[in-house]
Each structure stands twice: as C-alpha cells, then as structure tokens.
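Below: one structure, written as structure tokens.
Every chain is numbered from 1 and lettered A, B, ... according to where its sequence line falls, protein lines coming before strand lines.
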Number of protein chains: 2
Amino acid sequence: MPQTSNSPSPDLTTVIARNRPRFRTATEFVEAAMREAILGGVLPAGAPLRQEELAAAFGVSRMPVREALRQLEARALVEFHPHRGAVVAAISAADSADIGTIRTALEPTALRLSLPRLTPEDFALAAELLAEMDAEPDPGRMGELNRRFHMTLYARAGRPRLLALVEQHLAAADRYLRFQFVALGYQSRSQDEHYALLAACRAGDVEAACANVVDHVTLAGEQLTAFLDRPD
Amino acid sequence: MPQTSNSPSPDLTTVIARNRPRFRTATEFVEAAMREAILGGVLPAGAPLRQEELAAAFGVSRMPVREALRQLEARALVEFHPHRGAVVAAISAADSADIGTIRTALEPTALRLSLPRLTPEDFALAAELLAEMDAEPDPGRMGELNRRFHMTLYARAGRPRLLALVEQHLAAADRYLRFQFVALGYQSRSQDEHYALLAACRAGDVEAACANVVDHVTLAGEQLTAFLDRPD
DNA sequence: TGCGCGGATATTGGATCCAATCTAACGATC
DNA sequence: GATCGTTAGATTGGATCCAATATCCGCGCA
C-alpha cells in the first residue's frame with residue numbers, strides 16, 4: 001500500500017478547534033470532527049482509535065467518543081473488533097472499485113432527476129467552484145470543492161436518502177482521491193471533465209451529462225486502481 | 001397514513017428472546033434486535049424510544065441502548081432530537097419513492113456483476129426460496145424470504161459495500177412492503193415477476209434480468225405510492 | 001532452545017451517578 | 001379569560017466507576 005500523500009495535513013488539534021463550537025452535543029461534535037479527520041487523511045487507514053486518547057484530545061469523556069465511533073462504524077469509516085478496540089477502516093484497490101461501482105450507479109440517477117430542475121444560479125455556483133478548484137493547491141480543500149461541485153449538480157433531485165448516499169460515497173472517494181493529486185496530470189484532466197460535464201448540464205443534455213459523469217468516475221477509478229496495485 | 005398491516009407481529013419480548021444469545025456484546029444484540037423490530041413493524045414509525053424503557057426491556061443498562069440508537073441513526077432508521085429523545089423514523093410516500101430510486105439504481109448494477117458468476121447451486125437455492133414464498137402466509141417471514149431471494153441473485157457480485165447497501169435498502173423497502181400484502185393480488189403478481197427474473201438469470205440473459213428487476217421494483221413502488229397517497 | 005502455560009496490565013464493555021435541558025403544569029398578571 | 005413567566009418533573013447527555021476480556025511478557029518445562 002502506497003504511503004499517504006504529501007498534503008499539509010493539519011493535525012488533530014486543528015480539526016478539533018475548527019469544529020468545537022458548531023454543535024449542541026459533544027457526541028455530534030466528536031462524530032463530525034472524527035469523520036473530517038478520517039476522510040481528510042489526518043487519521044490514516046488502520047490507525048488504532050484508543051478511546052481514552054481521543055477523549056483527552058477532544059476534551060470530553062469516553063462516552064461521546066464511543067457513541068461517535070458507533071456512528072462511524074455504521075458508515076463503514078471505522079471497524080470494531082470486540083474487546084480489542086476500533087481502527088480506521090482500511091483502504092484497498094478492491095474497496096476503491098466498490099465505491100466506484102456505487103458512484104457509477106447512483107450519480108447518473110441523481111443527475112437525471114436533478115438536471116431538469118437546476119437553475120441558472122446553480123450553474124453559476126458550479127462554475128464558481130470549478131474556478132476555485134483551478135487555483136486550489138491544497139488537496140484537502142480540493143476534495144471539499146470537488147464534492148460541493150458534484151453535489152450542486154445533484155442537489156435538486158429531491159431525494160434526501162439518495163443524496164445522502166451520493167455525498168457519503170463522494171466523501172469516501174475523497175479518501176482515495178488524495179493519493180491521486182500526486183499522479184501526473186490527473187488534476188487538469190479531471191478539471192477538463194468537470195467543465196465538459198457542466199457544459200452538458202447547461203445544454204440540458206441529460207444523456208451526455210450522465211455519460212460524462214460515468215466516464216469521469218470510471219476514469220478516476222481505473223487510474224487509482226492502477227496506482228494502488230502498482231508494485232511499490 | 002394508513003394503519004399498519006394485519007400481520008401477527010410478535011411483541012418486543014419475542015424479538016428480544018430470539019436475538020439474545022447470538023451476540024457477544026450487549027450493544028450488538030440491542031442493535032440487531034431493534035433493527036429487526038423496526039423493520040418488522042414491531043416498533044411502528046414515529047414511536048418514541050425511551051432509553052430507560054428499552055434498557056429494562058432488553059435487560060441491560062441505558063448505555064448499550066444509546067450506542068445502538070446511534071448506529072440506527074446512522075442507518076436512517078431512527079431520528080434523534082437533541083435533549084428530547086429518539087423516535088422511529090417516519091415513513092412516507094416520498095421516502096418510499098426515494099428508496100425505490102436507490103434500489104432501481106443499485107440492484108441492476110449488482111445483478112450485472114453477479115449473474116455471470118452464479119452457480120447452479122445458487123439458482124437452486126433461489127428457486128427453493130420462491131417455493132417457500134408461495135406457501136408463506138406471514139408477511140414478516142415473507143419479507144425475509146423476499147430479501148434472501150434477491151440477495152442470492154446478487155451475492156456473487158464481490159462488492160461488499162454495494163451488497164450491504166442493497167441489503168439495507170431491501171430491508172428498508174420491507175417496512176413498506178408490509179402494507180402491500182393486503183393489496184389485492186399483489187403477492188401473486190410479485191411472485192410471477194420473481195419467477196420471470198429467475199428464468200432470465202438462468203438463461204444468462206443479463207439485459208432481460210436487469211429489466212425484470214427494474215420493472216419489479218418500479219411496479220411495487222408505484223402501487224405502494226398509490227396506496228400511501230390514497231385518501232383514508 | 002523452543003513451546004506452552006499463567007499472571008499482570010492495558011483497554012474495552014457495561015452500570016451507575018450527576019448535570020443540563022426540555023416539557024408541562026400551575027399560577028400570576030394584564 | 002388569555003397569555004406569559006416560573007417552577008417541578010421527567011428525560012436525555014455526560015462523567016465516573018466497576019467488571020470482563022484480550023494482549024503481552026516472563027517463567028517453567030520438555
């Protein structure tokens with residue numbers, strides 16, 4: 001398994017401070033911060049999650065940590081081993097392909113429902129996000145912008161469960177995408193695909209837009225699989 | 001919203017007794033039993049989930065209950081209201097359509113991957129499940145058999161995440177399917193579709209099988225939507 | 001020297017206890 | 001008579017405490 005990317009990962013303390021005031025209950029806060037930390041690579045795959053340790057870092061007791069871990073387990077972001085503790089869920093080429101398959105199934109569906117209802121404001125926002133991405137060097141913020149771009153196009157689907165699943169797997173894919181920004185030329189090609197996708201959406205061409213999404217996800221998946229499977 | 005079906009719902013005590021010895025930690029046990037109770041209609045939509053009460057029923061303290069509730073929240077089976085408690089997630093025509101859309105996207109994908117690898121034993125098992133369904137009067141067991149039939153056909157897809165999602169939404173659909181067994185003639189038509197699906201799979205006709213799945217899910221969804229939207 | 005058993009230690013799982021907050025009922029005031 | 005404020009009760013959220021289990025190291029024995 002290749003080593004994690006060269007991003008300027010903020011440490012756990014930074015992630016904590018950023019999330020602290022936004023939540024009512026400690027459990028929500030811990031859950032959100034840990035999810036961000038895992039998806040952002042701050043807590044790498046396989047890292048053991050000692051309850052006492054996390055509780056101290058978050059400034060809470062072990063209980064909110066335990067509840068948060070349970071939620072993350074249900075989202076497949078951490079794995080529990082009874083009486084042995086939890087670890088950050090592993091990543092693998094197979095899992096990446098799994099997520100890619102799910103995205104390929106769900107995202108065209110969401111786009112099909114959403115596209116006819118998208119407004120000029122939505123398109124403008126999407127274009128703005130693409131422009132930001134062109135200038136963004138940090139992989140962490142990049143993943144966030146990428147996610148928001150895609151979600152903007154799907155947002156009008158009016159299917160809360162579907163959108164939650166799509167967002168969840170976009171976020172899961174981000175874990176893998178982080179590896180990819182080091183890959184030569186990936187970012188610019190990905191951006192080309194984004195612009196093509198947006199153009200097709202603006203033209204109201206549902207079939208072309210869906211094809212673009214499928215190709216975009218498939219290509220990213222193939223390149224990533226090749227990268228993860230390469231001999232180190 | 002129509003009243004729940006006329007099934008011989010076992011009470012909570014029965015569900016508890018059935019699950020008690022199968023798990024190593026209390027949290028796992030409570031989570032499984034509560035999921036079964038919610039999906040099976042024992043705990044109806046909107047029912048308040050008092051922690052103390054559930055803890056007493058399960059013979060444990062409040063803590064495993066809380067952890068289980070958090071997991072079920074992440075699976076969208078219960079809703080948390082901070083400092084006010086949790087309730088069983090609501091059901092609605094919109095939510096049913098949401099689940100139907102997800103199934104329509106995921107199940108053909110799973111079938112496409114799985115079908116080429118299905119063995120004669122898999123087909124035999126699927127046929128056996130269909131035969132059992134023909135003779136099963138209880139909606140609860142019926143839902144379980146239905147789920148196992150579908151999952152048998154998808155099982156060789158070799159995509160754990162995808163299969164988990166499919167199973168989760170099959171189970172979620174069961175919550176709605178329960179209403180449907182009262183609808184005149186639904187069960188026999190559904191079984192016809194199941195047999196047609198199995199035949200297409202046995203013939204190795206991927207496209208026909210996928211079309212069958214989509215139609216099957218779509219038809220069930222439409223009928224159910226009509227049922228839920230009807231004036232009481 | 002290698003293998004297996006046993007106890008010490010660390011860590012999780014579960015129970016109990018305390019604090020914070022929401023709900024509802026009662027009463028006072030306009 | 002209605003509305004607002006206050007207060008008591010109930011229930012959740014969080015912290016601490018205890019028990020159960022797994023890991024690891026050392027010792028004994030083959």
Side-chain angles (χ1 to χ4, degrees), chain A residues 12 16-17 19-35 37-38 43-90, chain B residues 12 16-17 19-35 37-38 43-90:
Chain A
L12 195 54
I16 291 171
N19 285 288
R20 174 91 237 184
R22 299 197 332 218
F23 297 96
R24 282 287 148 51
T25 69
T27 299
E28 281 177 27
F29 152 59
V30 172
E31 196 269 339
M34 284 193 59
R35 178 161 41 169
I38 293 172
L43 291 171
L49 298 168
R50 301 256 168 286
Q51 298 176 358
E52 198 79 50
E53 199 173 299
L54 291 169
F58 286 110
V60 298
S61 81
R62 272 177 52 211
M63 168 145 339
V65 173
R66 281 165 62 175
E67 287 188 4
L69 287 174
R70 288 293 179 188
Q71 282 179 296
L72 296 170
E73 183 201 17
R75 293 205 150 82
L77 287 175
V78 314
E79 296 167 8
F80 264 80
H81 302 274
H83 295 280
R84 298 194 339 188
V87 298
V88 177
Chain B
L12 194 54
I16 292 171
N19 284 288
R20 173 84 240 190
R22 299 198 332 219
F23 297 97
R24 301 201 302 151
T25 70
T27 300
E28 281 177 27
F29 152 59
V30 173
E31 197 269 340
M34 283 192 61
R35 178 162 42 169
I38 293 171
L43 292 171
L49 299 167
R50 300 257 168 284
Q51 298 176 0
E52 197 78 50
E53 200 173 296
L54 291 169
F58 285 110
V60 298
S61 82
R62 271 178 52 212
M63 166 141 348
V65 173
R66 281 164 63 175
E67 287 188 0
L69 286 174
R70 288 294 180 188
Q71 282 179 295
L72 296 170
E73 184 201 17
R75 293 205 148 82
L77 286 177
V78 313
E79 296 168 8
F80 264 81
H81 301 275
H83 295 281
R84 294 193 321 178
V87 299
V88 177

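- A donor N or O paired with an acceptor N or O is found under 3.5 Å between the base of C:dG14 and the side-chain atoms of A:Arg66.
- Atoms NE2 (A:His83) and P (D:dA19) sit 16 Å apart, rounded to a whole Å.
- The interatomic distance linking B:Glu28 (CD) with D:dT21 (C1') rounds to 14 Å, in whole Å.
- Considering every non-hydrogen atom in both B:Pro48 and B:Val87, the closest pair reads CA-CG1, 3.9 Å.
- Put simply, CD on B:Glu79 is 17 Å from C1' on D:dT12, counting in whole angstrom units.
- Across C:dG14, C:dT12, D:dG14, the shortest atom-to-atom separation from the side chain of A:Arg50 is found for C:dT12.
- Between A:Glu73 and A:Arg70 there is a salt bridge, since at least one side-chain N of the basic residue sits less than 4.0 Å from a carboxylate O of the acidic one.
- In this structure, the CD atom of A:Glu52 is 11 Å from the C1' atom of D:dA15, given to the nearest Å.
- Across A:Arg24 and A:Glu28, no two heavy atoms sit closer than the pair N-OE1, 4.1 Å.
- No hydrogens or angles were tested; on distance alone, nothing pairs the side chain of B:Arg62 with the base of C:dG14 as donor and acceptor under 3.5 Å.
- Here C:dG14 presents its C1' atom at 16 Å from CZ of B:Arg24, a figure rounded to the nearest Å.
- Taking each heavy atom of A:Leu43 and A:Val88 in turn, the nearest pair found is O-CG1, 3.9 Å.
- Per the geometry, CZ belonging to A:Phe29 stands 14 Å off C1' belonging to D:dG14, to the nearest Å.
- For the pair B:Met63 CE and D:dA15 P, the interatomic distance rounds to 11 Å; values are reported in whole Å.
- Between A:Glu67 and A:Val30 there is no side-chain heavy-atom pair separated by less than 4.5 Å.
- A:His81 has its NE2 atom 15 Å from the C1' atom of D:dT23, to the nearest Å.
- Of the two residues contacting DNA chain D, namely A:Pro82 and A:Thr27, the nearest-nucleotide position lying further toward the 5' end is that of A:Thr27.
- Distances were taken from every side-chain heavy atom of B:Ser61 (C-beta onward) to each of C:dT16, C:dG13, D:dG13; the shortest belongs to C:dT16.
- Between B:Arg84 and D:dT11 there is no side-chain N or O to OP1 or OP2 distance below 4.0 Å.
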